Amino acid sequence: MGITQEFQNGDLDYSASATYFCKLDSEASDFPEALVREEWLSYRGVPKDQKEFHFRNPQLHQRANECIRGLKLIRNISSGKAAVNLLHTDFDLSSLKDSVDFSRVAVMGHSFGGATAILALVKEAQFKCAVALDAWMFPLENSLYPKVTKPVLFINTETFQTVDSVAKMKKICSMNNETKIITILGGEPAGGVSASLCPEPAEEPGILMDRGGTVHQSQTDFTFLAGNLLNRVFQTRGTINPHEGLDITNQAALAFLQKHLQLKEDFDQWDSLLEGVGNAVIPDGPRQKSSM
């Protein structure tokens, strides 16, 4: 089973993205299921008088703590403790009693959520491994990297990552030889690429690739929801077929999870992706780094 979390950041009047949350009417706490209303949260950027790292890092820690709270909630439900579901549904949470194997728990996230997954992996011993999709590494403090000793799979797109961001991934990679860094491209690079574990940065002028084959949104459903015009204007879709890009992402993640959670499935058929071997995938970070 899985938990999907929508993050807020501190006060209830702003968020790191435009969203909404379900708010209880404080005057009717005896009937919570009947008095939940959706309340809009607008996006709030970094205040002008504050440096971005000092604004984002506390948000990151709150997000990681919310992941751990989510895991605790599932532990309580699995142990038979009652939990109030604020959403209107006929699903009986008590049916999950004794149904969760807590020896096989992983954490996964995209962008800011990718950094959140890494921090949660350090904070919570029960998380065995993490999958970080095009992780935004900026909010992670430098003192954290030596503590990331459990396996992480970094799945990058072609245009989002910076040189500094990939260097931070390599620091984590150096802590565990099971940590992998791969990048999904718009097509298979010419000339062939041999896989390596935590490879050192190198200039490879003989390798050619499509530019912008995958973009940051290639690992989300936005690339499907936005029309061709919006995708073209805002560059939210790369040249790769979005179904193919997500298939590669899913297959690599499943192969990684099977390996580190000891799943009894056939996901090991995609183990080569973890070494950066396959159509439209290479080891290491993207050759052309973002200038963001």
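Here the structure is a predicted model, which means the values were calculated and not measured.
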If you round to the nearest 0.5 Å, how far is [atom2] of [Y] from [atom1] of [X]?
X    : Y    : atom1 : atom2 : result
S111 : Q219 : OG    : CD    : 9.5 Å
I181 : L274 : CD1   : CG    : 13.0 Å
L144 : I172 : CG    : CD1   : 7.0 Å
T116 : K123 : OG1   : NZ    : 10.0 Å
C173 : E178 : SG    : CD    : 10.0 Å
Q59  : R63  : CD    : CZ    : 6.5 Å

Examine distances only and state if a side-chain atom of [X] and a backbone atom of [Y] form a donor-acceptor pair shorter than 3.5 Å.
X    : Y    : answer
T183 : D284 : yes
R237 : S218 : no
S78  : R75  : no
N65  : H61  : yes
T220 : F222 : yes
E124 : Q126 : yes
Q217 : T223 : no
T214 : I184 : yes

Residue pair [X] / [Y], side-chain donor-acceptor N/O under 3.5 Å:
X    : Y    : answer
T162 : D164 : no
D266 : Q258 : no
N176 : K150 : no
D134 : T157 : yes

Side chains of [X] and [Y], heavy atoms from C-beta outward: is any pair under 4.5 Å?
X    : Y    : value
L246 : F224 : yes
L185 : V281 : no
Q251 : F267 : no
R104 : K128 : no
L140 : Y145 : yes
F127 : L71  : yes
T179 : S174 : no
K168 : F154 : no

Kindly assign one of parallel, tilted or perpendicular to the pair H216 and F160, based on the angle between their ring planes and the thresholds 30° and 60°.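 Ring orientation, 0 to 90° scale: parallel.
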Can you spot which of V107, L153, L257, V105 makes a side-chain contact (heavy atoms from CB on, under 4.5 Å) with C129?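 Exactly one option meets the side-chain contact (heavy atoms from CB on, under 4.5 Å) with C129, and it is L257.
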Single-linkage hydrophobic cluster, 4.5 Å side-chain cutoff, L254 and L261 together: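 Yes, L254 connects to L261 through the hydrophobic network.
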In this structure, would F256 and M175 fall into the same cluster of hydrophobic residues linked by side-chain contacts under 4.5 Å?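 Each belongs to a different hydrophobic cluster.
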[X] to [Y] - nearest heavy-atom pair and separation:
X    : Y    : result
A135 : S165 : O-OG, 3.9 Å
L121 : A130 : CD2-CB, 3.9 Å
I240 : A280 : CD1-CB, 4.3 Å
G285 : I282 : O-CD1, 4.1 Å
I155 : T249 : CD1-O, 3.7 Å
A83  : L73  : CB-CD1, 4.2 Å

Over-ring placement of R56 relative to F112, 6.0 Å and 45° cut-offs: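 Ring-cation test returns no.
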Can L96 and F91 be said to form a side-chain contact (heavy atoms from CB on, under 4.5 Å), step by step? CA-CA 10 Å; L96 297 176; F91 183 75; 4.1 Å; yes
Criterion side-chain contact (heavy atoms from CB on, under 4.5 Å) on V148 and K171, from CA distance to verdict: CA-CA 9 Å; V148 189; K171 288 182 182 178; over 6 Å; no
Evaluate side-chain contact (heavy atoms from CB on, under 4.5 Å) for M169 paired with Q161, printing each intermediate quantity in order. CA-CA 10 Å; M169 294 177 190; Q161 297 298 335; 3.4 Å; yes
Worked check of side-chain contact (heavy atoms from CB on, under 4.5 Å) between M137 and I118: CA-CA 9 Å; M137 302 295 287; I118 295 166; 4.0 Å; yes
